[in-house]
Protein chains: 4
Amino acid sequence: MDDAIRDAVRALVPEVGYAALTMDAVAAKARVGKAAIYRRHASRGELVFSALVHGREPQPLPDTGTLSGDLTELANVVLAVFSDPVVAAATPGLLADLKQQPDIAARFQETFIAQERKQVTELLDRAVARGELAGPTDPALVHAAVLGTVFARVFLLAEHPDPAIAPRIAAMAATVATAQPPPGNHRNT
Amino acid sequence: MDDAIRDAVRALVPEVGYAALTMDAVAAKARVGKAAIYRRHASRGELVFSALVHGREPQPLPDTGTLSGDLTELANVVLAVFSDPVVAAATPGLLADLKQQPDIAARFQETFIAQERKQVTELLDRAVARGELAGPTDPALVHAAVLGTVFARVFLLAEHPDPAIAPRIAAMAATVATAQPPPGNHRNT
Amino acid sequence: MDDAIRDAVRALVPEVGYAALTMDAVAAKARVGKAAIYRRHASRGELVFSALVHGREPQPLPDTGTLSGDLTELANVVLAVFSDPVVAAATPGLLADLKQQPDIAARFQETFIAQERKQVTELLDRAVARGELAGPTDPALVHAAVLGTVFARVFLLAEHPDPAIAPRIAAMAATVATAQPPPGNHRNT
Amino acid sequence: MDDAIRDAVRALVPEVGYAALTMDAVAAKARVGKAAIYRRHASRGELVFSALVHGREPQPLPDTGTLSGDLTELANVVLAVFSDPVVAAATPGLLADLKQQPDIAARFQETFIAQERKQVTELLDRAVARGELAGPTDPALVHAAVLGTVFARVFLLAEHPDPAIAPRIAAMAATVATAQPPPGNHRNT
DNA sequence: CGGTAATCGAGACGGTACGTCTAGTCTTAAA
DNA sequence: TTTAAGACTAGACGTACCGTCTCGATTACCG
């Protein structure tokens, strides 16, 4: 039952898009009454979000031995997530819905963002332990750099996410991890 | 008339959000018939997009004399755009709608993305002329780095866009412009 | 539900008239969604027609013993129908709509006209059996005479339907039933 | 100009019906601005009414020498009017509109009904002078009988107006003119 | 094992926004 | 001035979808 609903969502999202995904269509596709959906999911956003995250436990990133390698690994995972057609089709609409539903936004933050943030933090801690980084670093910007750059390529710049860019994104993110204060006054050399 | 409609949109978007922005509400607020809106705008997405971009011609980025400075300037512009409450409230929903309306998506690409891309390209050309960069660089990734990192902080990580991070984003973007193969560790000014 | 809709129509028609009877107003008055109305009624004409005819089964005309008496009875029934304020307010607009909707026009013919026609036919048959009429007569003209004369007084000549005219209409209709060629002057009881 | 508008109305009414007759269509067909129509006509009802009555002055009914003949003549005129396809198509809708617009209803009464009523009155006066009638008679019911019977056949009973019925209608109307009080109690012979 | 309770698919419900259409008014530029 | 052209406000149209609710039929659990 739960699976039938999620499968219907996963089948319909790439087919018709997030905006045109009606609850009636999901119910019909899943051969389920609408009440059965609402008994399990509070809203369309929550429904799609549930369908997307279900069974997607975050495999821990391997320790590649270098900061650069770890970041490349992270970039590849992010690229893989956004390459999923269901995720790609659902993300913009889902993001829009989250703005209106703070409770689901919170769950999204906890489930998805916080876990990725934890990975970034561990990755940076390992680099500190190795001596690659001088001291503890704010993981937020590193996280934003990796996640945002991929997101921008896919959704804002409408380019397909070429996996070859992963190491370049990693190098970029390493910079922001390394350089804590901006090196000097950039206005005049 | 055109202005009355756009003003109504700009007033309503931060007030009720993009998803709850109804054509009836816009017409009522603008004291305008719905037909007058549909005569000018093909859809809600196009309407909001028009209201957002109207009068927002891209002032050319100043030549600060260094790649780092130029990129900081770019990051500040992007931060400023996303700090506008109307833009902040409208962007996620607008982005979602664009997925369904290829014609408006194309206009968004041409009007907004292409202009920013041009600025990035010029900025990199200036750096090559100065000798800061060895040779021509793909501007797409630099663009994605600046735009995406800001976007991610605001919309994905739910952090407010602290203007102090502009130079750090610039440094990061400079890396991806410089380094073709990812080096182990690096810094280049 | 069905009743709520019909009651709303019956309340609104005399209040605002047929032309100004909007589906939204009916829905609001009946505290019902518009879809519930459209699920039951194909158009405004059909809706009003249904509201008018509901519960109005044609009580069989009594046999008064004379053609004249039977026709007076018929005239009184027709006068009573057109004296109903709801019928009076709805009839002209309804008649106009029927011209555009042949299916409802057919239903109107079957439900209302055909039943009345049957009464006229029976009434004439009784007169033949009594010997008041020489032979079978076309009931259509008798029908038209009674129905039309009342209709004309109410809707064309804008006079209120004085019940005292019923026997005069009956006498008139009896003439047309009796006289095949128009005689110069006549009276037949 | 005035003629162009009226011609457009007369062309459109039988073509699309009264209900579907839009002011824009009239303006386009007449190659005229809508303002030109509204400068001449207060509403759609008034417009159609004007187009119908224009140039239709009431030729005086001939004195045939008998009441019966005069009434047959009247019935024929009424039949002729309702046989005009434009009149036939416009009448029900026009009648409905008149209910909502008392000023035009009044003009309709004065222009059309009152003139016909005058003819009926004269016709009855001639009959009194001839000695066919004992004394002055209420012309309203005679009028209603002739006009209404034809109207009922055409618009309520959906039968085409066979001209052969004119003398029978006349005979019928003569009855109502003759018999002033109902002959007796019709309930029991 | 038989009775009770929960859950099911189906779909009608009230409500609301949609995008279209028409009425009647108003503006404009040409004649 | 009056014209044709056509944009304007206002508001009803009929459709679609939301999230709730009611209906029997079926299932599953418990006494």
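Chain letters run A, B, ... following the sequence lines, proteins first, then strands; residues in each count from 1.
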Starting at atom [atom1] of [X], determine the distance to atom [atom2] of [N], rounded to an integer number of angstrom.
| X | N | atom1 | atom2 | result |
| --- | --- | --- | --- | --- |
| B/Arg44 | E/dG19 | CZ | P | 9 Å |
| D/Arg40 | F/dT2 | CZ | P | 10 Å |
| C/Lys34 | F/dA16 | NZ | P | 13 Å |
| A/Tyr38 | F/dC17 | OH | P | 12 Å |
| B/Met1 | E/dT28 | CE | P | 11 Å |
| D/Asp24 | F/dA7 | CG | C1' | 12 Å |
| B/Glu46 | E/dG19 | CD | C1' | 15 Å |
| A/Tyr18 | F/dC18 | OH | C1' | 13 Å |

Check ion pair D/Arg10-D/Glu15 (N to O, under 4.0 angstrom)
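So D/Arg10 does not pair with D/Glu15 through a salt bridge.
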A/Asp84 with A/Arg56: basic N within carboxylate O range, under 4.0 Å
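A/Arg56 and A/Asp84: salt-bridged.
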Tell me which of B/Gly33 and C/Thr22 sits closer to the 5' end of DNA chain F, going by the nucleotide each one is nearest to.
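Mapping each residue to its closest nucleotide by heavy atoms, the 5'-most match is B/Gly33.
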With a 4.0 Å cutoff (strictly under), does any side-chain N or O of C/Arg31 reach OP1 or OP2 of E/dG15?
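Yes, such a contact exists.
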With a cut-off of less than 4.0 Å, is there a side-chain N or O of D/Arg39 near OP1 or OP2 of E/dG24?
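Checking D/Arg39 against E/dG24: no side-chain N or O falls below 4.0 Å of OP1 or OP2.
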More 5' along DNA chain E: C/Ala35 or B/Leu21, using each one's nearest nucleotide?
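First, find each residue's nearest nucleotide; the 5'-ward one identifies C/Ala35.
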Of D/Leu47, D/Asp2, D/Ile104, which meets side-chain contact (heavy atoms from CB on, under 4.5 Å) against D/His41?
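One option only clears the test, and that one is D/Leu47.
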When you compare the side chains of D/Ser50 and D/Arg107, does any donor N or O come within less than 3.5 Å of an acceptor on the partner?
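There is such a pair (donor and acceptor under 3.5 Å, judged by atom type) between the side chains of D/Ser50 and D/Arg107.
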